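Heavy atoms only: backbone and side chains are in, while hydrogens, waters and symmetry mates are out. Source: prediction; values computed, not measured.
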Amino acid sequence: AGGKEDAFNVLDLAEYTKNRPWWRKIFAPSSGSSAEKYNVATQLVIGGVTGWCTGFIFQKVGKLAATAVGGGFFLLQIANHTGYIKVDWKLVERDVNKAKQQLKFHSSGNKMSPEVKSKVDEVIIFMKKNVILTGGFAGGFLLGMAS
């Protein structure tokens with residue numbers, strides 16, 4: 001090919017963000033809540049749109065999962081009825097009862113592990129700091145589930 005070398009420009013992101021305040025505003029780490037950065041309408045729109053998308057996807061995935069589980073049980077019953085497989089239903093019932101007992105034992109203690117408790121506390125703090133955003137998300141989620 002030709003003797004001309006390709007020249008590449010190097011973009012220094014640190015210098016680029018210093019000269020572009022909008023870039024810093026969007027991508028700079030911030031310890032404040034969204035209430036400090038956005039007005040009420042923007043928070044409601046962001047929360048509502050993300051909530052609707054989440055609810056819509058949750059609804060579709062839920063239907064797919066329910067169909068898969070129900071279809072699996074249906075195929076299992078057909079295979080058992082036609083003799084392809086033999087299911088020991090007494091063993092299944094015993095295992096289900098054992099699982100129920102373990103769930104009752106774990107739920108009666110009401111003791112959360114420290115990791116779960118810290119995450120729950122983080123979520124509660126976020127929800128308190130961003131009430132409008134959270135409310136928009138909840139409304140959008142319900143609309144997404146309904147659509």
Q.
If I take atom OG1 from residue Thr134 and atom CZ from residue Phe126, how far apart are they, to the nearest 0.5 angstrom?
A. 5.5 Å
Q) Considering all heavy atoms of both residues, which atom of Met145 and which atom of Gln59 are nearest to each other, and what is their separation? A) O-NE2, 3.3 Å
Q | Heavy-atom closest pair, residues Phe56 and Ser147 | A | CD1-OG, 3.7 Å
Q | Distance-minimising heavy-atom pair for Gly83 and Lys86 | A | CA-NZ, 4.4 Å
Q) Could you go step by step and tell me if Asn80 and Trp89 meet the side chain to side chain contact (heavy atoms under 4.5 Å, CB included) rule? A) CA-CA 11 Å; Asn80 183 37; Trp89 290 109; 3.3 Å; yes
Q) Listed by chain and number, what are the side chain to side chain contact (heavy atoms under 4.5 Å, CB included) partners of Leu64, not counting sequence neighbours? A) none
Q: Evaluate the criterion side chain to side chain contact (heavy atoms under 4.5 Å, CB included) for residue pair Val96 and Lys100; output intermediate values, then yes/no.
A: CA-CA 6 Å; Val96 167; Lys100 283 182 187 177; 4.0 Å; yes
Q.
Strictly distance-based, threshold 3.5 Å: is any side-chain N or O of Gln43 a donor or acceptor partner for the main-chain N or O of Asn130?
A. no
Q: Side-chain contact test, heavy atoms from C-beta onward, threshold under 4.5 Å: evaluate it for Met127 versus Val123 and give yes or no.
A: yes
**Q.** Qualifying residue for side chain to side chain contact (heavy atoms under 4.5 Å, CB included) with Thr42, from Val40, Val45, Ile46
**A.** Ile46
Q: Output the distance between atom CD (Gln102) and atom NZ (Lys98), rounded to the nearest 0.5 Å.
A: 7.5 Å
Q) Would a hydrophobic clustering, with Ile, Leu, Val, Met, Phe, Trp and Tyr connected at side-chain separations under 4.5 Å, put Ile85 with Val92? A) yes
Q. Just wondering, do Phe137 and Leu133 contact through their side chains at under 4.5 Å, heavy atoms?
A. no
Q: Give a yes or no answer on whether the side chain of Asn97 reaches the backbone of Glu93 with a donor-acceptor pair at less than 3.5 Å.
A: yes
Q) Is there a side-chain contact between Ile78 and Tyr84 (heavy atoms, below 4.5 Å)? A) no
